[in-house]
Structure formats: C-alpha cells, structure tokens
Amino acid sequence: MLKKGILFSLDAIFALVIAGIMITGCFFYLSQNKVSNDLYQISLDSLTLLEKDDTFANVLNSNLSTGLQTFLDGLSDQYCGNITLYSSYSSHLYSSTKSGCVGGNESSVGIRSFVYDSSNYYAKMEAWYK
Amino acid sequence: MKKGMLFTVTTVFLLLGVFTLCSAFMLSQQAYSFNDLKYIVDDVGDDIYLDLMETDISVVSGEHVLINLDQVDITDNRDSLFTSYENFIEGTYASKNNLEIGLENFNSTFYLEPYGGRRVMDGGVFYFYTGNNLINISIDFFVDETLPDDNSGQPSQDPGGDLIKVRFIRDGIVLSNYDRLQDGDNENSEFYQTFRDDGPPVVHDVSGAYVQYGNYNGEDGVLRVWRNNLNANISMKMYYSLADVKIFGGNISINHTGNLTLNSNIMIFT
C-alpha cells in the first residue's frame with residue numbers, strides 16, 4: 001500500500017515535471033520567435049531603404065561595397081548585420097558585415113529583389129543582436 | 001477522491017503541455033504572416049514596370065488627371081526582360097524565400113482604370129488604347145543630329161474631336177508644332193515629320209516619326225506611334241476628365257505551404 005502510494009506520487013511528479021518542461025520550452029521558443037520576427041522586420045526595412053536610395057545600384061556601378069558598409073556601421077549599437085548582393089543565378093557579388101560584429105547569435109534573414117541595368121539581382125541581409 | 005483529483009490535475013497539465021507544443025509548432029510552420037506576403041508583393045512589383053521599360057510614369061490628380069509617360073521607348077517591347085524577370089522571381093527568388101510565386105500576364109502591357117485604357121507594344125508600334133474620358137494628348141519628340149525637311153504634315157481637322165498635339169523639338173527649339181481635333185471613331189490620317197541627311201549632291205529622307213489617332217481595327221480612340229530610324233526621346237501627356245485613376249499590369253500570386261495565399265494586381269500607380 002505504501003509502495004503503491006510512493007509510486008503514484010512519483011508518477012504524478014514526473015508528469016508535472018515533463019509538462020512543466022514542455023510548457024517552459026514552448027514559451028522560450030515563442031519568445032525567440034518574436035525576437036527573430038523583430039530582426040526580420042529590420043532586415044526587410046533596411047533592404048527596402050537600400051534599394052530605394054540607390055545604394056545597391058551604386059555598389060554595382062562602382063564595384064565598391066562602401067555604401068553597404070556605411071549603412072551597416074550606422075545601425076544602432078545593439079544590432080549587427082551582414083548584407084550580400086547576389087546575381088539572379090545566386091552568384092555572390094558583394095558582401096559587408098558591420099564593423100565589430102561576429103556571427104554566432106541567433107539571426108534572421110531578409111531578402112529583396114532589384115533590377116539594375118536591365119539585369120536581375122537580389123540582396124540578403126542577416127541581422128542579429130550584438 | 002484525492003487520487004482522482006491528482007490524476008485529473010496531472011492530466012490537465014500534460015494536455016496543456018501538448019497543446020502548447022502544437023501551438024508553437026504551428027507558429028513555426030507559419031513563418032510568414034499575411035503582412036510578410038504583402039511585403040513580397042511590394043518587393044516583386046514595386047516600380048518593376050518602370051525599371052524594365054525604363055519609362056517614367058507619373059500621375060497628377062486634380063480636377064482632371066494628367067498621366068505623364070517620359071522616356072517612352074516605341075521600338076522595343078522589352079518582353080524578353082519581362083520574361084527574364086518572371087523566371088528569376090518564380091525560380092531563384094521564390095526558392096530563397098521558400099514560397100511559390102507566380103506572375104501572370106506579366107509583359108509590357110499595362111491598364112488604366114476606370115477609363116478602360118491600355119498600353120500595348122507590338123511589332124515596333126506603340127499603341128495606346130485611350131478608353132473613355134480622354135480630353136487631349138500631347139506628344140513631344142526630342143530629336144538631335146537630324147535636319148527637318150519639307151516632308152511633313154497633319155490630318156484634317158475634326159470639329160468636336162479629341163485634341164491631339166504633336167511637337168518635334170531639337171535643342172529646345174520647336175521644329176514643328178501640330179495640333180488637330182480628331183474624332184476617335186474615324187480612321188484618320190497621321191501626323192508625320194521626316195528628317196533628311198545634309199547631302200550634297202542628293203538629299204535623302206533618312207528618318208521619320210508618325211502619330212495617328214482614331215479608330216484602329218474596329219476599336220475607337222487608339223493612339224499609334226511609330227518611327228523610321230529616328231533617334232528621339234519621346235514624352236507623352238494624356239489628360240482625362242475623371243480623377244482616381246489606377247494603373248496596373250499583370251498579376252502576382254503567392255502561396256506559402258498551401259495554407260497562406262495572396263493574389264494581387266501589380267500596381268504601377270494607385
């Protein structure tokens with residue numbers, strides 16, 4: 001009788017612990033997802049801005065990624081980012097990473113297409129917290 | 001009683017954990033929200049007609065609507081560029097975004113609503129089907145390195161028709177200036193201006209431009225513009241009597257894992 005009671009209690013405790021771990025894990029995952037969404041929006045906004053102000057066109061025209069570097073270095077301190085320009089066939093053309101930033105943290109990636117001189121390109125921005 | 005209560009509580013907690021896990025999994029599968037798809041529509045369609053046609057389109061709305069087409073290329077429909085862009089978007093771009101994207105009726109034709117107008121390029125001829133509510137059209141040809149000759153003309157006047165103005169301009173000087181009222185339902189003659197080489201001994205017509213407005217192939221109010229060897233920067237202005245114009249091209253459809261879809265016209269001006 002005593003053994004049965006102990007076994008049942010342990011079983012209940014295990015169940016509660018497992019349920020607790022599952023719930024905690026889900027909330028952790030969802031909070032990470034929100035951070036990822038924020039970074040995703042920052043990536044999209046940045047790429048839109050860089051297309052509209054002709055930074056991408058200037059990089060392709062000048063063969064210099066200075067414009068990308070200047071933009072990334074101007075991001076708020078808490079953000080890190082990397083921007084890469086690709087041809088329509090996914091050939092890597094130009095890339096810049098914000099000074100003082102290294103990868104490793106959880107990041108989010110945004111993509112934007114653009115046309116320059118009748119050819120198709122896309123830009124990819126990876127953003128993460130410092 | 002206590003055992004039953006404990007069993008119920010643990011079951012509730014376990015089920016809660018399972019439901020939360022399912023919810024998190026569903027959210028992870030729906031990586032795209034509807035707003036994210038709208039961003040994709042904006043990315044794919046925004047300014048794409050202007051970029052591929054290298055034509056500036058602007059609209060001034062007031063009592064009337066003025067539609068400006070600048071840098072109009074009347075020799076090339078650029079459909080190969082549209083096809084290339086469509087392949088890029090439906091292929092590489094869609095793959096990188098983990099989406100299914102389709103572009104339909106994506107070519108250099110665009111439409112004007114509520115006028116029922118459209119612009120079409122075909123065989124080196126620029127067609128503008130003006131639709132309803134047109135007041136007048138002005139076309140300027142900015143030419144260089146050419147000499148006008150006497151081989152020019154304009155159609156006869158149609159009182160009560162739509163006003164069509166055509167000018168040829170070089171270095172800011174108007175070489176010729178035509179304006180005629182033209183019935184949109186008549187098969188009218190064309191405005192034309194040719195240019196010559198400077199000889200001697202024989203002077204030849206070397207280039208020319210032609211504008212015609214009226215009924216064409218059974219449709220009224222069709223503006224046709226074509227040229228012969230003439231290098232010209234062409235600007236067109238169309239005045240309409242109804243405000244709130246919407247200019248759009250083909251259609252884009254986006255599908256994410258079968259349960260989130262978006263279909264939209266590619267807007268040029270709204």
Side-chain angles (χ1 to χ4, degrees), chain A residues 4-5 7-34 36-37 40-41 43-45 47-48 50-52 54 56-57 84 86-91 108-125, chain B residues 2-3 5-28 30-33 35-36 38-40 42-54 76 78 80-89 91-99 101:
Chain A
K4 278 184 181 175
L7 190 63
F8 183 81
S9 297
L10 283 176
D11 185 42
I13 289 167
F14 282 142
L16 287 171
V17 168
I18 291 167
I21 290 171
M22 286 167 72
I23 293 168
T24 308
C26 290
F27 279 116
F28 177 76
Y29 181 81
L30 289 172
S31 66
Q32 290 291 95
N33 210 28
K34 185 179 181 311
S36 180
N37 278 340
Y40 181 61
Q41 292 302 326
S43 300
L44 296 184
D45 288 346
L47 294 173
T48 304
L50 291 169
E51 185 199 356
K52 296 295 180 189
D54 288 334
F56 293 153
T84 307
Y86 296 89
S87 73
S88 60
Y89 300 105
S90 297
S91 299
S108 184
V109 174
I111 291 174
R112 187 164 181 93
S113 67
F114 64 99
V115 174
Y116 171 71
D117 199 18
S118 300
S119 295
N120 306 310
Y121 301 89
Y122 68 93
K124 186 170 84 175
M125 179 170 177
Chain B
K2 282 182 181 176
K3 281 182 183 175
M5 182 71 79
L6 194 60
F7 182 78
T8 306
V9 169
T10 50
T11 305
V12 166
F13 270 96
L14 274 173
L15 284 174
L16 191 64
V18 171
F19 286 142
T20 315
L21 187 66
C22 288
S23 167
F25 182 73
M26 277 176 61
L27 280 172
S28 72
Q30 287 183 345
Y32 282 96
S33 67
N35 279 338
D36 292 334
K38 286 201 284 190
Y39 173 86
I40 298 289
D42 174 75
D43 180 17
V44 172
D46 187 36
D47 283 347
I48 193 59
Y49 277 78
L50 313 188
D51 289 342
L52 294 180
M53 295 189 301
E54 294 186 73
D76 183 4
R78 296 178 177 246
S80 61
L81 296 181
F82 280 82
T83 302
S84 169
Y85 185 75
E86 181 177 344
N87 292 337
F88 163 62
I89 292 298
T92 304
Y93 180 81
S95 164
K96 295 293 175 189
N97 281 290
N98 194 26
L99 294 167
I101 303 177

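Residue numbers start from 1 in every chain, and the chains themselves are labelled A, B, ... in the order their sequence lines are given, proteins ahead of strands.
Remark: B:Glu86 engages no residue in a salt bridge (charged side-chain N to carboxylate O under 4.0 Å, His left out) (not counting sequence neighbours).
Under the 4.5 Å side-chain criterion, counting only non-hydrogen atoms from C-beta, A:Asn120 is not in contact with B:Tyr93. Residues A:Asp117 and B:Glu54 fail the side-chain proximity criterion, which asks for heavy atoms closer than 4.5 Å. Inter-residue side-chain proximity for A:Thr48 and B:Tyr39 is flagged as met; some heavy-atom pair is nearer than 4.5 Å.
Atom CG of B:Asn35 sits about 11.0 Å away from atom CG of A:Leu44, to the nearest 0.5 Å. Put simply, OH on A:Tyr86 and OG1 on B:Thr92 are 12.5 Å apart, with the number rounded to the nearest 0.5 Å. Atom CG of residue B:Asn97 and atom NZ of residue A:Lys124 lie 11.0 Å apart, to the nearest 0.5 angstrom. Here the CD1-OG distance, from B:Ile48 to A:Ser113, works out to 6.5 Å after rounding to the nearest 0.5 Å.
With a 4.5 angstrom heavy-atom cutoff, B:Ile40 does not touch chain A via any of its atoms. The part of B:Asp47 that comes within reach of chain A is its side chain, from C-beta onward, which places non-hydrogen atoms under 4.5 angstrom from that chain. With a 4.5 Å cut-off on non-hydrogen atoms, B:Tyr85 touches chain A through its backbone and its side chain both.
Across B:Phe88 and A:Tyr121, no two heavy atoms sit closer than the pair CZ-O, 3.4 Å.
In terms of heavy-atom pairs under 4.5 angstrom with chain A, the leader among B:Asp51, B:Asp46, B:Ile89 is B:Asp46.
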